[in-house]
Amino acid sequence: MKENKSRKKLAAGLIIVIIAVGTAAVKIGAFLPTIGDADTPANSYVANYYITNAVKETHSYNIVTAVLADYRGFDTLFETCVLFLSALVTMMVLFGKEKVPKMPVKNLAEDKYSAAFGGDIMDASFRIVVPIILIYGIYVLFHGEISLGGGFQAGALIACAYLLDRIIPSIRMGRGKIKEETALIIASMGAFFYVITGILPMFNGGNFLEFAKLPFGSSLAAESIVKLHTAGILMIEVGVTVCVMGVIIAILEVVLERTDFDE
Amino acid sequence: MSELIEKLEFFLADRGIYMLTLILFAVAVYGMIACGNYMKKLMCMNMMQVSIIFFFLTFGQKNGGTLPVAIDEVLSAEAYINPLPHALMLTAIVVSLGTTGVGLALLMRIKDIYGTIEEDRITGDGGKKQ
Amino acid sequence: MITESLRPALAVGTALLAALLILLFGNRIKPNLREAITLTAAAIMAGLIFSMVPEVLKGNVLISNLWTIADGLSLKLKTDGAGMVFACVAGGLWILTSIYSIGYVRGHHEKNQTGYFAAFAVCLASAIGIALSANLITFFIFYEMLTLATYPLVVHYRDEKAKFSGRKYLAYTLVSGQLFFVAIVFVYVKYGTCEFTPGGFIEPGSMGSGIMCILFFMMTIGGLVKAGVMPLHGWLPSAMVAPTPVSALLHAVAVVKAGVFCLLRVVCYVFGPESAYWCSGSTILCWLAAITVLLSSLVAMRQDNLKARLAFSTIGQLSYIVLGISLLSAYSIAGALFHIVAHAFLKITLFMCAGAIFVTTGLSEISAMRGLSKRMPVTCACFTAASLGIAGLPLMAGFVSKFNILEGALIMGKPFFMVVLVAAALLALTYLIPVVQIFFGRENSAATLNESHGHGGRAGIDAAPAMLIPLVITAVIAIILGCIPNAGLHLYDMAIMAAEEITGGGGVYLAK
Amino acid sequence: MPILLLEGLLLIAMIAIAAAIILGKKLLAATVIYCGFSLIAMLLYTVVGAADVAFTEAVIGTISTVYFIIAIKSIKGKRADDERK
Amino acid sequence: MNQIADHLPVLVILLPLCGTLLCPIISHFNINAGKRTVITALFLSIVCAVLQLIQVITTGEAIHYWLGGWAPPIGIEFVIDGLNGVVILLVAIISFTTALYSSPFEKLERIDRIHSAGYYSMLAFLSVGLLGLSSTGDAFNLYVFMEITAISGYGLIAVGEDKGPIASFRYLMTGTIGACMYLLGIGFLYAATGTLNMADLADRLTGLMDSPLIVMSAACLIVGFGIKMALFPLHGWQPAAHSYAHPAADPMIAGIMIKIPAYAMLRFFFCIFDEQSHVMQLFFNAIGVMAVIGILFGSLKALRYDTYNKILAYSSIGQVGYIAMGFAIGNFYGIIGAILHIVSHAFMKAGLFYTSGALKYKYGIHDINELGQVYRKMPVTSLTMVICALSMIGLPPFAGFFSKWYLALGAIEKGNYFYVAVLILSSLLGAIYFFRIMEKLFMGEKTAREKELPEKSRFELPWQMLLPLLTVVAAVILLGLFNAYIVNGVLKTTIWEVVLT
């Protein structure tokens, strides 16, 4: 009896909140720029600069990646640091505590009747899906500045591929298992690679993360300086991908270590 | 029928979308505060972040603008959607994954210590009473 | 004329340095070496101060402008007349009190002596700092440092009683300190300056008289608490829990004198006689002092514990000085200044006697000290001399200052306060002479005395030399100052010089 | 089907899901609905025109949902914890 | 050498960042190497911060560092003027001392390689976040740094004592709401002006001050910063977080993690919004009221507890109220008082938490009733405790007094005596609960706890813990005596030009 009373209270509160905020928001909405028109201050100042000369300056067709990796590259660096940090915190909080006793490795082949999550259908389809995801991830990584895509998506996709292999208990159980510490180290290497690409221009007289001043290819002609931007963005994308992949694998490894999938 | 849709669309454009976003934000914040179960709090937190992200993206919209990928020669700023909110919101989404990840890790740790993730049972003996 | 010199700063610095050295090396080195640090520091400081006296007499003021302590305000020390009087007293008596406390502490086997001597040194440093400070912020810094330094001394025995009296002491002093702090900020914002200028930098008309009166009392409350004026004196008797040299220091040299000195600075150098009188602050002060003088003497009579009686007598004597200041005439201010000197020497003699009696015979109640003069003739002689001085007997230091205050009251045309002063002198007799009678009375309970029981009693006829010598010296100085006020350091001339400065020559004839 | 209407509908759906999660009883059900929520969020971003953001939301939505499911399994698996609330 | 000189602003942040990222890798080979890289990295960042401050003082005008080589409104830039030069140096010093301070704690718990390396990287990340928060000139970049500070804060609290995860979870919830409110605030600003660079925002906002968009953004920013600063009504997470955090990381969490958002609030509300406008005066009154209630609430609550950390946590709520009051006063001396209080309170609170950590390390004392006669065995810790306590109360020779002096000066100049009365009342309340602790320390009966560890070194604590204690004592005293040189030399020009224009 007690709990559905509290649920009614919860529902009542919810309705009150919705009505109250709804009426308030109607008034607030009036001041905000109407959606869709192009001459609001938000769309007219810095944004137009990005659109008009993103391609010229950073040689990347996808303006969002240009803004993300080049104009505001510093933000993305600390974005990857946020991810790396969250993996670090997960490791610190969960590592080595309440380990689930490793269940004996059952060879699923003989155990016909186990309604295990794996089984042959899953195994067959799994063998096709994983390579496709991997290729797609790599594609997304290297086409970040031309079509959609970028470091985060690529890293996450590759981690998904690994995840599929890790979760579905197929016959070749636990073949490619990465220990969580190594995953964390991979992640830190990725982030460090990003920092290195930032530091390199500093030796060549540029500011931090200034791709025009990347030290290699000094012999390039003037107009190809812009190509350095592409190199810079690519290096960043690789760094981000490696870091994101390491982070996601590390988090999931730590967590999988603690759960048993035996039902 | 069509002028009804016309009027509705104008209302939505002017303030309808903002109203709905702010309602989603309020519901999510209410969920975070009122929900007893810590896991649900985390879900509501994620929803709150999604509503803020969407709120940012609505600024960038332009009628008739295409995706901010300059396939051919760049004609004019009108043609493309404003890329800046998109870049910012990529960061915000990644940050929301970070915080959710940390939240879940803490949740598991709380489960080990207290054996439950019901707020009243935890604060009953530990958290708030001190 | 003003000369820039480092001597005032060095005086304060030596005491602080001594405190630091004692704290750092106290436990590691032998006790004699630690005492040596204190004594050398005391000697150096006294030497420095006495060397500055001739210049001050000649009229040139030494200033040491250390560094800007707050935006637009500098930590500045200045040797003007009034400051030098207090500094000489404090500097001079530090040597004697440290010799005395070495004897007392050794005789009484006190615990954690390093902390004791370090706090002692910081106390004296802040007393000298208070004496020589040139503006309100430096004054306030040293004032609060004095509170902090005396707190460990008050709670020296670390038992329940000490904890309670320490709390009481802190409550009084910190609350008044914070009000003083607000008043200083208000004055600095309103008048733009914090410098002590003889005759005061607040013009009578510049604020509503009500607000100025509130400001006056917020500023003086710090001094009133430390000087133990009646409504705010609660902490002084309860601070008797501390060992006797501490109460000697507290009630004769440092704390109470700092309180009175704060009153002098505020009334004469911040508000100045005209505006103090205009906002009727000084008249209220006169009445407060008068009431305190009478009440404290009555209470003192009923105290059986010797130190408690001396404490209430201190409250009474200090209200003399407060009365002297708040009468706002050149004579009474000079008298008040000189009474600081006189009372310091007289009261410290009385406290030293009390301490000597306590250490040698373990007695602290007056009724138990029948016929003590048989055993401790010299201590009792000094005690009698000092108590006569306190009562204002001619040829004693007390008489000179009381006479000046009387003269000031006469000139200011306030006969009622003259009557109060004379009555107080008589009352002083009533609570000190019975003690002397008991000393020299029949020794019916002498039998109990000569086995010299009581913890730490000495077989010898009188107190240990280390305690006896300072006792005699201060009594003799008190007598000398009584006969020739200008002996030695011309303290009387300096007092007159300061008073002249404040009242712009020859007394301010305020509207009756 | 004008875009703004579509956005409005999707937003209303999201609000409904949020309410369902808050009021819902079973935890596992809430997680499944949460996966739906991130799907609709991805749709909303594509409708608004933010393709990049939609792509990231899709990928990160799947990973966080997987993470939620694993968390529930590891919480439910240990000690009997009645799922009343 | 000149190459290094013109990269200083970014080097201050890059060094700890590289330290953090390398720490897991290096500690894979040798467990102590990771710790040492982080400590050296933080030390080098102090050196850069000092050089940077000297450069700002000598050249007299702010350093603008364009990240990625793009001009400000387009790219992100770091702006280092007198004001945040001091704050960055403060953060660098306290992070270095805390990193040094936490090395003996490892041996105490005999934790494995991952935990030791992980702890140090989280500490360095916290330092990176705080350094970034105080030096960035871009609004959204500030959000990212705020997230880094927050998540490393969650981590450091979660590895704390038994109730660490619960406190960390509550902090996660409130911290995320705070960050989202801040993001909402920037959203409104971006909708109104179109840029994210702070200097650009400032001059585009001059005309718009009364538009409702700006009012809403200011409200959201107040809530966002209020939660991060643990200002009174929004401080729910703070007491638990500060009492149960990891004893070695507590000084940094309590010392600077709640102060730098206060500095960022100053940056936003004084440099970007023009503070004379009617709207802002309303908000400042609101902040003033919150600050006043917070001061009294914090001091009164601190009286009730006996656990040392809880008392310090609640007194922090009071002290943050001082800083908010400085902003609410708003004139020259008010802001000087607020900034000086940020710097001095950071040192004082870090000092007090160093002593609490030292007590836990040596005797495992949590409760102040067990403090009896501890000063005989731990003289340096008791000295720090006494000096920091006296400075917190605001007694003259120490730093706390002078920040109170400027606050009182500003309050009286502005003419509201209510703030002055609260200042006085709170320092008296502070006196009560700090002298209560000192009474127990010096006069309590002998503590029943004997030493947890066999006495190795001649001193009372390993040198890594003694050094931070002594630096804090020196800082509090020197800051007290020589604060005029900081105010005149560094802060005055910046405040007149940037803050009060």
Side-chain angles (χ1 to χ4, degrees), chain A residues 27-28 30-33 40-50 57 70-79 81-82 84-86 88-93 95-96 180-182 184-185 187-192 194-196 198-199 201-203 205-213 232, chain E residues 3 6-7 10-11 14 17-18 20-25 28 65-70 73-76 112-115 118-119 121-122 125 128-129 132 136 138 140-141 144-145 147-148 151-152 154-156 158-159 164-165 168 188 190-197 200 204 211-213 216:
Chain A
K27 278 199 292 305
I28 292 171
F31 318 120
L32 289 166
T40 59
N43 301 348
S44 54
Y45 179 41
V46 176
N48 290 355
Y49 175 89
Y50 286 137
E57 282 174 356
D70 197 341
Y71 288 115
R72 297 185 70 92
F74 196 62
D75 265 354
T76 325
L77 167 63
F78 283 100
E79 202 183 304
C81 291
V82 162
F84 173 68
L85 190 59
S86 72
L88 196 68
V89 168
T90 318
M91 291 275 290
M92 286 296 288
V93 169
F95 184 74
E180 52 270 12
E181 282 161 70
T182 41
L184 194 71
I185 285 163
S188 65
M189 277 184 206
F192 192 63
Y194 191 123
V195 173
I196 291 290
I199 289 177
M202 287 168 82
F203 297 115
N207 282 347
F208 183 68
L209 283 175
E210 189 170 351
F211 300 131
K213 294 282 194 307
Chain E
Q3 257 223 339
D6 51 32
H7 289 302
V10 90
L11 272 179
L14 271 188
L17 185 64
C18 299
T20 332
L21 296 175
L22 293 178
C23 182
I25 303 168
H28 205 62
Y65 188 87
W66 295 354
L67 285 158
W70 302 105
I74 308 303
I76 299 167
D112 50 31
R113 184 183 320 113
I114 272 291
H115 275 275
Y119 170 81
S121 348
M122 276 198 287
F125 255 121
V128 164
T136 180
D138 183 275
F140 189 76
N141 203 335
V144 177
F145 280 123
E147 274 308 314
I148 288 188
I151 294 184
S152 44
Y154 309 147
L156 286 169
V159 292
S168 173
F188 286 130
Y190 177 70
T193 56
T195 75
L196 283 170
N197 181 302
D200 216 8
R204 288 175 78 87
S211 87
L213 222 53
M216 278 189 291

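Per chain, numbering begins at 1; letters A, B, ... match sequence-line order.
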Drop me the distance from [X]'s [atom1] to [Y]'s [atom2], to the nearest 0.5 angstrom.
X       : Y       : atom1 : atom2 : result
L21(E)  : M189(A) : CG    : CE    : 11.5 Å
F208(A) : I76(E)  : CZ    : CD1   : 10.5 Å
L196(E) : R72(A)  : CG    : CZ    : 5.0 Å
M202(A) : L14(E)  : CE    : CG    : 6.0 Å
S86(A)  : I151(E) : OG    : CD1   : 6.0 Å

Within the 4.5 Å heavy-atom criterion, are [X] and [Y] side-chain neighbours or not?
X       : Y       : value
C18(E)  : V195(A) : yes
T20(E)  : C81(A)  : no
L209(A) : V10(E)  : no
F78(A)  : V128(E) : yes
V93(A)  : Y154(E) : no

Relative to chain E, which of [options] shows the most heavy atom pairs under 4.5 Å?
options                          : result
T90(A), D75(A), V82(A), L88(A)   : D75(A)
F192(A), F74(A), Y49(A)          : F74(A)
I199(A), L77(A), L184(A), D70(A) : D70(A)

**Q.** Contact class of I196(A) relative to chain E, heavy atoms under 4.5 angstrom
**A.**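 Neither the backbone nor the side chain of I196(A) comes within 4.5 Å of chain E.
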
Q: With a 4.5 Å cut-off on heavy-atom pairs, point out which of P165(E), C23(E), G69(E), S121(E) contacts chain A the most.
A: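 Of the candidates given, the most pairs with chain A belong to G69(E).
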
Q) Is it the side chain or the backbone of T193(E) that comes within 4.5 Å of chain A heavy atoms, both, or neither? A)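 Contact with chain A involves the backbone of T193(E) alone.
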
